[in-house]
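Inspection log for the structure reproduced underneath, given as structure tokens.
Side chains are part of it too, since the values below use all heavy atoms of this structure and drop only hydrogens, waters and symmetry mates. None of these values were measured; they are calculated from a predicted model.
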Amino acid sequence: MRPHALLKKHLIVGVSLAAFLVSSFITTAQACTRVVYLGENNAVVTGRSMDWAEDMHTNLWLFPRGVSRDGAAGHHSPKWVSKYGSIVASGYDVGTADGMNEKGLVANVLYLAESDYGKPNGKPPLSIAIWAQYVLDQFATVDEAVTHLKTEPFRLISPSLPNGVPASLHLSISDASGDSAIFEYVDGKQVIHHSRQFQVMTNSPTFDQQLALNTYWQEIGGLTFLPGTNRAADRFARASFLIHAVPTSTDPHYISAIPERKYDYQAVASTLGVVRSVSVPLGITTPSQPNIASTLWRTVADQKNKIYYFDSATSPNTFWVELKDLNFSKGAPIKKLTVAGGKVYSGNTASQFEVATPFEFLRADPSK
């Protein structure tokens, strides 16, 4: 057999094996993707897509410092007061799905069908709806959050979402230094993956298996072949290749088209381009896996300059919020930027937030 034919045969066998492994690992999963861009001059940008089977009625919320919280899971839930202000994107206005605090710490929750949170076993219960907010309220860096959360100060309780789907989630965080961590609950145990190298996260399978599958695609090489379906493991491989392929310094071929010829804006554009490339067009579903769904929106957080971008898949404009223009002072009002209902914005929308009664986090029953 000729060498090129043998190589082709090995590639076909390898791809078939990978497809089999992916099919074996994946059952039902919501198709979100998260990436972290690391560039020159301390540029750190985290982008994510929110893919879901229906409109989540998302809005943006401004939470100042000094907000009193509880874990929304009964009398024994943890209680705390927010140390840092944050801007967040809500899901159904019952939980924090995504956000960045004033120190540049970003939290993203993504669907993970394999999640198993175990039993409280005497630990204070915390509704999963407030998990990301718990982190944004209290920590400035990934290391601070990991040091605290590895002590397991609470046990997550996962109620069903308003559409009846179980809130089966894992959490990624990144900070302004570029550090990252992923938190999962597998077989009732918390698993933490902590490294600056963990720049990509999708859904199923669990993160350790995502890394193993991605190693296979790295050996093939992204310029040779990349998996193209909307399955989570395929999106992980594509996002991983692309976030390492885009320029991490000023690109002389395109900088003239960037506003103010500013590299930080190029970094944001590159990150958004990666997230868009692994998004699922509106209206596309997978018949055999109905929970793999269309992209509803994307966020990009510039953690160096503290700018939070929102890119809706159902509206014509991308807009942003410059955190320096928000009032996070203790005692300042909670505010809302209404995005649900097809609202259209452009430019910096910091001045368009309006005073609002905060949403109630989805309560969980620790006895169930």
Side-chain angles (χ1 to χ4, degrees), residues 21-22 25-26 29-38 44-49 96-100 104-118 126 128 131-132 134-136 138-156 158 167-219 231-244 271 274-275 278 301 303:
L21 289 173
V22 170
F25 285 138
I26 297 176
Q30 300 294 344
C32 304
T33 306
R34 168 266 201 185
V35 298
V36 180
Y37 173 99
L38 304 174
V44 179
V45 183
T46 297
R48 68 85 52 87
S49 65
T96 294
D98 190 86
M100 177 168 64
L105 183 72
V106 168
N108 324 98
V109 291
L110 284 72
Y111 196 86
L112 179 65
E114 293 87 348
S115 296
D116 175 3
Y117 304 104
L126 184 91
I128 200 168
W131 190 16
Y134 181 96
V135 173
L136 293 173
Q138 300 186 82
F139 308 112
T141 67
V142 167
D143 194 62
E144 285 180 13
V146 169
T147 298
H148 175 80
L149 293 177
K150 70 181 180 182
T151 67
E152 298 193 69
F154 55 77
R155 202 65 174 178
L156 286 176
S158 180
S168 186
L169 307 170
H170 53 170
L171 171 70
S172 68
I173 61 174
S174 59
D175 64 26
S177 76
D179 197 8
S180 283
I182 287 91
F183 300 85
E184 298 180 336
Y185 283 80
V186 182
D187 296 327
K189 297 180 180 179
Q190 179 181 240
V191 179
I192 302 175
H193 303 273
H194 179 195
S195 172
R196 181 181 174 89
Q197 297 178 359
F198 297 147
Q199 293 172 246
V200 179
M201 186 174 87
T202 55
N203 314 106
S204 300
T206 53
F207 190 70
D208 59 334
Q209 294 176 0
Q210 288 184 16
L211 293 175
L213 286 169
N214 191 53
T215 298
Y216 168 82
W217 293 113
Q218 287 176 331
E219 290 176 356
R231 288 172 168 171
D234 287 8
R235 285 181 286 103
F236 190 104
R238 295 202 305 278
S240 181
F241 169 74
L242 292 169
I243 202 64
H244 291 97
T271 305
V274 171
V275 177
V278 293
Q303 291 152 270

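Interatomic distance, Ile182 CD1 to Leu112 CG, rounded to the nearest 0.5 Å: 11.5 Å. Note that OH of Tyr185 and CD1 of Ile128 are 9.0 Å apart. Values are rounded to the nearest 0.5 Å. Note that CG of Leu110 is 11.5 Å distant from CZ of Phe207, once rounded to the nearest 0.5 Å. Atom OH in Tyr117 sits 4.5 Å away from atom OG in Ser168 (nearest 0.5 Å).
Side-chain atoms of Gln303 come within 3.5 Å of backbone atoms of Gly104 as a donor-acceptor pair (strictly under, hydrogens ignored). Within the 3.5 Å criterion, the main-chain N or O of Ser177 finds a donor-acceptor partner in the side chain of Arg196. A distance-only check finds no donor-acceptor pair linking the side chain of Thr96 to the backbone of Asp98 [under 3.5 Å]. In this structure, the side chain of Glu152 does not engage the main chain of Lys189 through any donor-acceptor pair within 3.5 Å. Of the possible polar contacts, one joining the Asp175 side chain to the Val142 backbone as a donor-acceptor pair under 3.5 Å is found. Side-chain N or O atoms of Arg238 include none that pairs as donor or acceptor with a backbone N or O of Val274 at under 3.5 Å.
Side-chain contact between Asp234 and Val278: absent, with no pair of heavy atoms (C-beta onward) separated by less than 4.5 Å.
Exactly one of Thr46, Asp179, Thr141 qualifies for a side-chain hydrogen bond (donor to acceptor under 3.5 Å, both in side chains) with Ser174. That residue is Thr46.
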**OP:** Check the pair Arg34 / Ser180 against side chain to side chain donor-acceptor pair (under 3.5 Å), numbers first and verdict last.
**Re:** CA-CA 11 Å; Arg34 168 266 201 185; Ser180 283; 3.1 Å; yes

Subject >> Candidate pair Arg235 and Thr202, rule side chain to side chain donor-acceptor pair (under 3.5 Å), full reasoning >> reply: CA-CA 7 Å; Arg235 285 181 286 103; Thr202 55; 4.9 Å; no

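For the residue pair Glu114 and Pro205, the shortest heavy atom distance occurs at OE2-CA, 3.7 Å.
A centroid separation of less than 6.0 Å is found between the aromatic rings of Tyr134 and His148.
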